[in-house]
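Whatever order the structure lists ligands and atoms in, that order sets their numbers, starting from 1. Computed from a prediction, not measured in an experiment: that's the story for all the values here.
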Amino acid sequence: MSDIRNIVVLTGAGVSAESGIATFRGPGGLWEGHRVEDVCTPEALAADPDLVHRFYDLRRAALSSVRPNPAHEALARLDRAWAGGLLIVTQNVDDLHERAGATRMLHMHGALRQALCAACGARFAWADALPPATPCPACAAPALRPDIVFFGEIPYQMERIEAALAQADLFVSIGTSGAVYPAAGFVRLADAYGARTLELNLDRSEGSDWFDESRLGPAGTLVPQWVEQMLNA
Ligand code: APR
């Protein structure tokens, strides 16, 4: 691993599972209790804003009772200690990476503790409930919504992500099912750019065949092991 300088890490719901945040797919997953099209599309927001806002209010409120786990902590340790390039791209809307101390990171699917004005595009840190038609502190339009990338919307910072993938020597995917694009396609993009690819996941994902290596197990165990391996190489 001593030839590795630039790393891109992609994380999904599995990295936060051991903190007690439900994943999306599979038994007990968030999408078992809710239809995606009822709570996570622009059409749903327009048709039933109360339901959509309540769904995200509950998820935002739940953040106050969870904590980063050893996987988040290990990635924050890597962020502090890794002298080469690093970008942690999370699909998660929780704030556990940053609470663990990671800074070289971005939220490609948005963030629960952020509100977005649909009228002027301003963003605000938001810790409490966000009722529909809340006025924007910047432009006063009654248009604040959760800053979540819904299905059918374009994920954030794609140019920055693609630039990092083009420079990556190593791409590591952690705790994601590989079911949702464009994130699910990053492994093939990284591979095409010449990066080595590694998956750390509880079980085989839809993209496992695309990785040079898949390590199966809980993120809270596998991620600290991998980070130690990188920092001691
Ligand atoms: N450690 C590692 N992996 C785990 C753990 C764990 N403790 N627990 C579960 N996993 C794995 C599961 O095996 C699964 O492959 O994490 C993955 C979670 O998959 P999903 O629930 O599909 O979550 P994710 O891949 O993040 O979903 C992608 O879908 O609905 C959208 O926008 C939402 O960002 C989300 C996107």
* Asked: Which residue and non-hydrogen atom of the protein lie closest to atom 1 (N) of ligand 1, and at what distance in Å?
  -> Ala219 N, 2.8 Å
* Can you tell me the protein heavy atom closest to atom 3 (N) of ligand 1 and the distance? -> Leu202 N, 3.1 Å
* Structure fact -> re atom 26 (O) of ligand 1, the protein heavy-atom contact at minimum distance is Ala13 N, 2.8 Å
* To do: Decide, yes or no, whether a salt bridge links Glu153 with Arg145 under the criterion of side-chain N to carboxylate O below 4.0 Å.
  => yes
* Hey, is Val180 touching ligand 1 through its side chain, its backbone, both or neither, going by heavy atoms under 4.0 Å? -> side chain
* Asked: Taking only heavy atoms of Gly175, which atoms of ligand 1 are found under 4.0 Å from at least one of them?
  -> 3 (N), 16 (O), 17 (C), 18 (C)
* Asked: Which atoms from ligand 1 have a heavy atom of Pro218 less than 4.0 Å away?
  -> 1 (N)
* What protein heavy atom sits nearest atom 28 (C) of ligand 1, and how far away is it? -> Gln91 OE1, 3.4 Å
* Asked: Any luck finding a side-chain donor-acceptor pair between Thr197 and Glu213 under 3.5 Å?
  -> no
* **Atoms in ligand 1 flagged as close to Gly12, the criterion being non-hydrogen separation under 4.0 Å** => 26 (O)
* With backbone taken as N, CA, C and O and side chain as the heavy atoms from C-beta onward, which portion of Phe151 lies under 4.0 Å from ligand 1: side chain, backbone, both, or neither? -> side chain
* Asked: Tell me, which protein residue and heavy-atom name are nearest atom 6 (C) of ligand 1, and how many Å apart are they?
  -> Gly14 O, 3.3 Å
* Among all protein heavy atoms, pick out the one at the shortest distance from atom 35 (C) of ligand 1; state its residue, atom name and that distance to 0.1 Å. => Phe24 CE1, 3.4 Å
* Between Arg113 and Trp126, is NZ or CZ placed under 6.0 angstrom from the six-membered ring centre and within 45° of the ring axis? -> no
* To do: For ligand 1, indicate whether the residue Ala17 contacts it via side chain, backbone, both or neither (heavy-atom separation under 4.0 Å).
  => side chain
* **Sub-4.0 Å heavy-atom approach of Ala179 to ligand 1** => no
* **Sub-4.0 Å atoms of ligand 1 with respect to non-hydrogen atoms of Glu18** => 1 (N), 6 (C), 7 (N)
* Asked: For atom 13 (O) of ligand 1, what is the nearest protein heavy atom, given as residue, atom name and distance?
  -> Asp203 OD1, 2.7 Å
* Asked: Is a salt bridge present between Asp3 and Arg196, judged by a nitrogen-to-oxygen distance below 4.0 Å?
  -> yes
* To do: Kindly give the heavy-atom pair with the smallest separation between Phe24 and Arg59, and that separation in Å.
  => CZ-NH2, 3.9 Å
* **Smallest separation among heavy atoms of Pro224 and Thr221, with atom names** => CD-O, 3.4 Å
* Structure fact -> Tightest non-hydrogen contact, residues Leu144 and His53, listed as O-CE1, 3.4 Å
* Do any N or O atoms from the side chain of Asn92 and from the backbone of Ala13 form a donor-acceptor pair under 3.5 angstrom? -> yes
* Does the ring centre of His107 sit less than 6.0 Å away from the ring centre of Tyr156? -> no
* What are the two closest non-hydrogen atoms of Phe171 and Ala195, and how far apart are they? -> N-CB, 4.3 Å
* To do: Test side-chain hydrogen bond (donor to acceptor under 3.5 Å, both in side chains) on Ser205 and Glu199 and set out the steps.
  => CA-CA 9 Å; Ser205 71; Glu199 174 177 61; 2.5 Å; yes
* To do: Give the residue, atom name and distance (to 0.1 Å) of the protein heavy atom nearest atom 15 (O) of ligand 1.
  => Asn201 ND2, 2.9 Å
* Numbering as shown, the atoms of ligand 1 that approach His109 to under 4.0 Å (heavy-atom distance) -> 32 (O), 34 (O), 35 (C)
* Classify the contact between Arg25 and ligand 1 as side chain, backbone, both or neither, using a heavy-atom distance cut-off of under 4.0 Å. => both
